[in-house]
Chemist: 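Take this structure, written in structure tokens, and hold onto it; I'll ask about it next.
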2 protein chains.
Amino acid sequence: MRLVVALGGNALLKRGEPLTAGNQRANVRHAAGALVDLIKAGHSLIVTHGNGPQVGLLALQSEAGPADGFQPLDVLDAESEGMVGYLIEQEMASLLPDRQFATILTQILVAADDPAFGKPTKPIGPSYSADDARRLAAAHGWSVAQDGRFWRRVVASPRPLEILERSVIALLVDQGTTVICSGGGGIPVIRRRDGSLSGVEAVIDKDFASALLASQLGADMLLLLTDVDAVYTAYGAPEQQRIRRIDPDRFVSRDFPAGSMRPKIEAAIQFAGEPGRAAAIGRLDDAVRILNGTRGTRIAKGAP
Amino acid sequence: MRLVVALGGNALLKRGEPLTAGNQRANVRHAAGALVDLIKAGHSLIVTHGNGPQVGLLALQSEAGPADGFQPLDVLDAESEGMVGYLIEQEMASLLPDRQFATILTQILVAADDPAFGKPTKPIGPSYSADDARRLAAAHGWSVAQDGRFWRRVVASPRPLEILERSVIALLVDQGTTVICSGGGGIPVIRRRDGSLSGVEAVIDKDFASALLASQLGADMLLLLTDVDAVYTAYGAPEQQRIRRIDPDRFVSRDFPAGSMRPKIEAAIQFAGEPGRAAAIGRLDDAVRILNGTRGTRIAKGAP
């Protein structure tokens, strides 16, 4: 099967763990093992990944460094695609030295008039005191919002429309290359009237970007991997129950409170809403068993 | 013709100019114009670039940020390939919206026993006071060396042996994609006895990396672009003379003092030492005229 496998931020860095070079390397090495198991099982992989902690660190570093070296979010996104892509590619290639890998810098087109730009809601980067948040907002033209005791920068999360490097990725996948791409949901860009491109300071939800990628590449399955083993009803409550399958045609979104799983479910449904396609949500370490249907939550039409 | 075009650090950032986001964007936009002229003249391009100022900034930011977020040089290299590749790809794609572009993260194999590792000489990153240099050397296991009034970190500059993503790059170029790769001379990696890869804290000379790439891709020409219009005898002296052609078979290296042009000449000779191949050195803005032979210095066998 051709699989688009999305590694969530929590699959690449354990919750609460600081993003040291060593931690990141160890987590990516672990993830690479799980991904290579899928290749050994005969599947063709396109690997995507989150970049929340990485862009958070790069933003902190960019602020702490020389004032005139401060970089905008699209450039930090590009840096994070290099950083995380490098580690994933190298650790996978270490396990499969005879296989071909490629990390492709990925830009994703969004609409300049996407309504999301009117109400930035996606928190990114580090937490600040109210004073620091005000100062940074003034200095850089940021929107900021309170997040618990602290403040964070918030940006728009527009809908992904087109993966600019799509045909390059498809060509490589067709030839048997394992491609790492669309890191951090891709770098959001708009096209101006004159045809030129411009990076925007926004974040595309990485699961929606992966669903679009999976559609555009004709993937058989979209695998959204995180550190939770499945979608649950009443997650965290004593009566919680693992949901084995979700039928996109019967899904009622109010059954699932907005939270970390909600975008995954919606992205999975977007991809699996077409016949012949399936999506699944589960834990990185269960990847092969999720494909076998013994772990995780499967999203497919006509599911029992 | 199939051209490997290497953009020197000084072609991407004017000498003495601070690396602000705006300066970098403006310089890349300018360079993209020159590169697009080569495509419009009918040539197939593989674009490589330096990363000295970029890795210098990323290193400063990495030191200034949270202590546990400090990243090693191979990871900073990967970040810089994302950063600069993104800007070059986007600015070229803005000028040629119908053409396909790809930025490929590039690892280059070096020998773990390369003698260069015994004598690190390549200065990288920012300048430090003697005290700071000592402190950082102790903290991170760096070698440092005096560079004028200040101190800088020095690393080994091993010889590039194999571009790991070579076949991916070749496939894309064969299909008409303009590829940006081998940024900063590629990320140097060694292969351990068990076949696994490991990034090393070193810098591969980007012109030698570009010469290897040009050889491995069967390029017709290697174009080394900088901010000096040609190779000169007695450069900077009143009697300086532009050298129009260099015959690799007749070249006498003692005629050219070690300096910024020396590695370019050696890399050009390495590539152009085989029949049917040519290299050229000159100014970014002269790119098309260098190909026509009216500007720059051409390196080719049998040259008059």
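Throughout, protein chains are lettered first and strands after them, A, B, ... in sequence-line order, and every chain is numbered starting at 1.
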Chemist: According to the salt bridge (Lys or Arg N to Asp or Glu O under 4.0 Å) rule, which pairs have a member within residues 90-106 of chain B, sequence neighbours left out?
Modeler: B:Arg25-B:Glu91, B:Arg29-B:Glu91
Chemist: In terms of heavy-atom pairs under 4.5 Å, which option from B:Ala67, B:Ala64, B:Pro72, B:Ser80 contacts chain A the most?
Modeler: B:Ala64
Chemist: Please flag which part of A:Ser198 lies under 4.5 Å from any non-hydrogen atom of chain B: side chain, backbone, both or neither.
Modeler: backbone
Chemist: Where does B:Glu165 contact chain A at under 4.5 Å (heavy atoms): side chain, backbone, both or neither?
Modeler: both
Chemist: Is A:Gln24 in contact with chain B via its backbone, its side chain, both, or neither, using a 4.5 Å heavy-atom distance?
Modeler: side chain
Chemist: Over all heavy atoms of both residues, which pair between A:Leu197 and B:Ser94 is shortest? Give the atoms and the distance, please.
Modeler: N-OG, 2.7 Å
Chemist: With heavy-atom distances below 4.5 Å as the criterion, would you say the side chains of B:Thr103 and A:Glu81 are in contact?
Modeler: no
Chemist: So, the side chain of B:Gln71 versus the backbone of A:Met83: is there a donor-acceptor pair under 3.5 Å, distance only?
Modeler: no
Chemist: For residues B:Pro97 and A:Arg191, determine if any side-chain heavy atom of one lies less than 4.5 Å from a side-chain heavy atom of the other.
Modeler: yes
Chemist: Please look at A:Val84 and chain B and tell me whether the side chain, the backbone, both or neither of the residue comes under 4.5 angstrom of a heavy atom of that chain.
Modeler: neither
Chemist: Provide the closest heavy-atom pair for B:Pro66 versus A:Leu60 in the form atom of the first, atom of the second, distance.
Modeler: CG-CD1, 3.6 Å
Chemist: For chain B, which candidate among A:Gly183, A:Ser196, A:Ala93 shows the most heavy-atom pairs at distances under 4.5 Å?
Modeler: A:Ser196
Chemist: What part of B:Ile104 is in contact with chain A, defined as an atom under 4.5 angstrom from a non-hydrogen atom: side chain, backbone, both or neither?
Modeler: both
Chemist: Non-hydrogen atoms of chain B under 4.5 Å away: do they reach the side chain of A:Thr177, the backbone, both or neither?
Modeler: side chain
Chemist: Can you tell me which of B:Ala78, B:Gly199, B:Ala102 forms the most heavy-atom pairs within a distance under 4.5 Å of chain A?
Modeler: B:Ala78
Chemist: Name the region of A:Gln90, side chain, backbone, both or neither, that has any atom closer than 4.5 Å to a heavy atom of chain B.
Modeler: both
Chemist: Hey, what do you get for OG (A:Ser62) to CG (B:Leu57), rounding to the nearest 0.5 Å?
Modeler: 7.5 Å
Chemist: Check the side chains of B:Asp77 and A:Tyr86 for a donor-acceptor pair under 3.5 angstrom, ignoring hydrogens and angles.
Modeler: no
Chemist: Please classify the contact of A:Leu76 with chain B as side chain, backbone, both or neither, using a heavy-atom distance under 4.5 Å.
Modeler: neither
Chemist: For the residue pair B:Gln61 and A:Gly69, what are the closest heavy atoms and their distance?
Modeler: NE2-O, 3.2 Å
Chemist: Which bit of A:Asp74 is near chain B, if near means a heavy-atom gap under 4.5 Å: side chain, backbone, both or neither?
Modeler: both
Chemist: Is A:Ile187 close to chain B through its backbone or its side chain, or both, or neither, when contacts mean heavy atoms under 4.5 Å?
Modeler: side chain
Chemist: Against chain B, label A:Leu164 side chain, backbone, both or neither, depending on which of its atoms sit under 4.5 Å from a heavy atom there.
Modeler: backbone
Chemist: I need the B:Leu171 CG to A:Leu172 CG distance, nearest 0.5 Å.
Modeler: 6.0 Å
